[in-house]
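Keep in mind that the numbers below use all heavy atoms, side chains included, and drop hydrogens, waters and symmetry copies.
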Amino acid sequence: QVQLVESGGGLVQAGGSLRLSCASSGGPFPTYGMGWFRQPPGKGREFVAAISWIGRNTDYLESVKGRFTISRDNAEEVVYLQMNNLAPEDTAVYYCAAETSMSDLAPPRDGTQYDYWGQGTQVSVSS
């Protein structure tokens with residue numbers, strides 16, 4: 001059974017940085033396209049970033065481009081989200097997700113296209 005476990009969330013001041021990790025187990029991680037999503041308080045889930053299974057193609061939400069970087073280590077079966085210059089509007093529960101299409105393109109922004117989800121990690125940014 002595939003499990004995804006996020007870590008690295010916390011409370012940080014505006015302008016600070018955090019690195020989220022998502023560890024995978026129970027499945028062929030190197031074949032998964034991986035995505036990060038977030039759900040701000042009182043709002044719906046939104047796409048943040050995605051990386052193809054080889055790691056060649058990425059996609060980002062416009063508002064995080066230049067601040068967030070998604071990467072993966074297939075040997076360690078981990079995907080990361082480096083978040084710099086955080087702002088209060090980045091406050092949310094962050095989730096990682098895996099999709100199994102094995103497309104060379106960046107994985108989709110549509111969360112319904114993902115097969116597995118983690119439990120989430122809270123990121124809070126104070127002003």
Side-chain angles (χ1 to χ4, degrees):
Q1 183 174 352
V2 175
Q3 285 192 320
L4 301 175
V5 179
E6 302 94 337
S7 61
L11 174 63
V12 65
Q13 288 188 328
S17 297
L18 285 173
R19 188 176 79 157
L20 304 184
S21 300
C22 171
S24 174
S25 62
F29 176 82
T31 67
Y32 297 156
M34 298 297 297
W36 284 98
F37 294 77
R38 67 187 181 187
Q39 186 163 14
K43 297 184 179 181
R45 183 180 64 196
E46 66 176 355
F47 167 82
V48 176
I51 187 166
S52 60
W53 66 288
I54 295 177
R56 181 163 30 202
N57 293 305
T58 58
D59 187 23
Y60 294 92
L61 179 68
E62 281 296 321
S63 63
V64 309
K65 282 183 179 178
R67 300 190 299 124
F68 291 11
T69 302
I70 188 171
S71 61
R72 65 189 298 159
D73 184 335
N74 283 347
E76 296 295 325
E77 300 193 348
V78 180
V79 63
Y80 301 102
L81 186 67
Q82 177 67 44
M83 305 186 296
N84 298 329
N85 194 22
L86 283 159
E89 52 265 36
D90 295 316
T91 294
V93 178
Y94 283 71
Y95 300 90
C96 70
E99 61 90 24
T100 59
S101 72
M102 292 186 67
S103 169
D104 284 343
L105 301 176
R109 296 188 172 200
D110 179 2
T112 65
Q113 301 298 308
Y114 288 74
D115 302 283
Y116 306 107
W117 290 83
Q119 293 300 306
T121 186
Q122 176 70 48
V123 171
S124 298
V125 184
S126 62
S127 57

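Between the Asp59 side chain and the Pro108 main chain, no donor and acceptor come within less than 3.5 Å of each other. No side-chain donor-acceptor contact under 3.5 Å links Glu77 to the backbone of Ala23. No donor-acceptor distance shorter than 3.5 angstrom exists from the side chain of Ser24 to the backbone of Leu4, with no hydrogens or angles considered. Between the side chain of Arg72 and the backbone N or O of Ser52, at least one donor-acceptor pair lies under 3.5 Å. Listed for the Arg109 side chain is no donor-acceptor partner under 3.5 Å among the backbone atoms of Phe47. Between the side chain of Glu6 and the backbone N or O of Cys22 there is no donor-acceptor pair closer than 3.5 Å. In this structure a side-chain-to-backbone donor-acceptor pair under 3.5 Å is present from Tyr60 to Ile70.
Between Trp117 and Phe37, the angle of the ring planes lies from 30° to 60°, which puts this pair in the tilted group. In this pair, Tyr116 and Tyr32 present their aromatic rings tilted. The plane angle is within the 30 to 60° band.
Put simply, the side chain of Gln82 reaches to within 4.5 Å of the side chain of Ser17, judged on heavy atoms. Contact check for Ile54 versus Asp104: side-chain heavy atoms found under the 4.5 Å cut-off. For the pair Tyr80/Asp73, a side-chain contact is recorded, criterion being any heavy-atom separation below 4.5 Å from C-beta on.
When all heavy atoms of Arg45 and Thr112 are compared, the pair lying nearest together is NH2-N, 4.3 Å.
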As a quick check of understanding, evaluate side-chain contact (heavy atoms from CB on, under 4.5 Å) for Met83 and Val123, giving each step before the final call.
CA-CA 10 Å; Met83 305 186 296; Val123 171; 3.9 Å; yes

Please report the C-alpha distance between Leu20 and Arg38 in whole Å, then the side-chain angles of each, then the deciding distance to 0.1 Å, and finally whether the side-chain contact (heavy atoms from CB on, under 4.5 Å) criterion is met.
CA-CA 12 Å; Leu20 304 184; Arg38 67 187 181 187; over 6 Å; no

Test side-chain contact (heavy atoms from CB on, under 4.5 Å) on Thr121 and Tyr95; report intermediate values, then the result.
CA-CA 7 Å; Thr121 186; Tyr95 300 90; over 6 Å; no

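Note: Asn84 CG to Arg67 CZ = 9.0 Å, rounded to the nearest 0.5 Å. Here the straight-line distance linking atom CG of Leu81 with atom CE of Met34 works out to 11.5 Å at 0.5 Å rounding. Leu105 contributes atom CG, which lies 12.5 Å from atom CH2 of Trp53 (distance to the nearest 0.5 angstrom). One distance of note links CH2 of Trp36 with CD1 of Ile51; it measures 12.0 Å at 0.5 Å rounding. In this structure, CD in Glu89 is found 10.0 Å from OG in Ser127, a value given to the nearest 0.5 Å. Between Lys43 atom NZ and Thr91 atom OG1 the span is 10.5 Å, to the nearest 0.5 Å.
In the hydrophobic clustering of this structure, Val78 does not group with Tyr114; members are Ile, Leu, Val, Met, Phe, Trp, Tyr whose side-chain heavy atoms approach within less than 4.5 Å, directly or through other members.
Within 6.0 Å of CD on Gln122 lie more than 12 heavy atoms contributed by other residues, nucleotides or ligands. Sparse packing is recorded around CD of Glu76, with 12 or fewer heavy atoms of other residues, nucleotides or ligands lying under 6.0 Å away.
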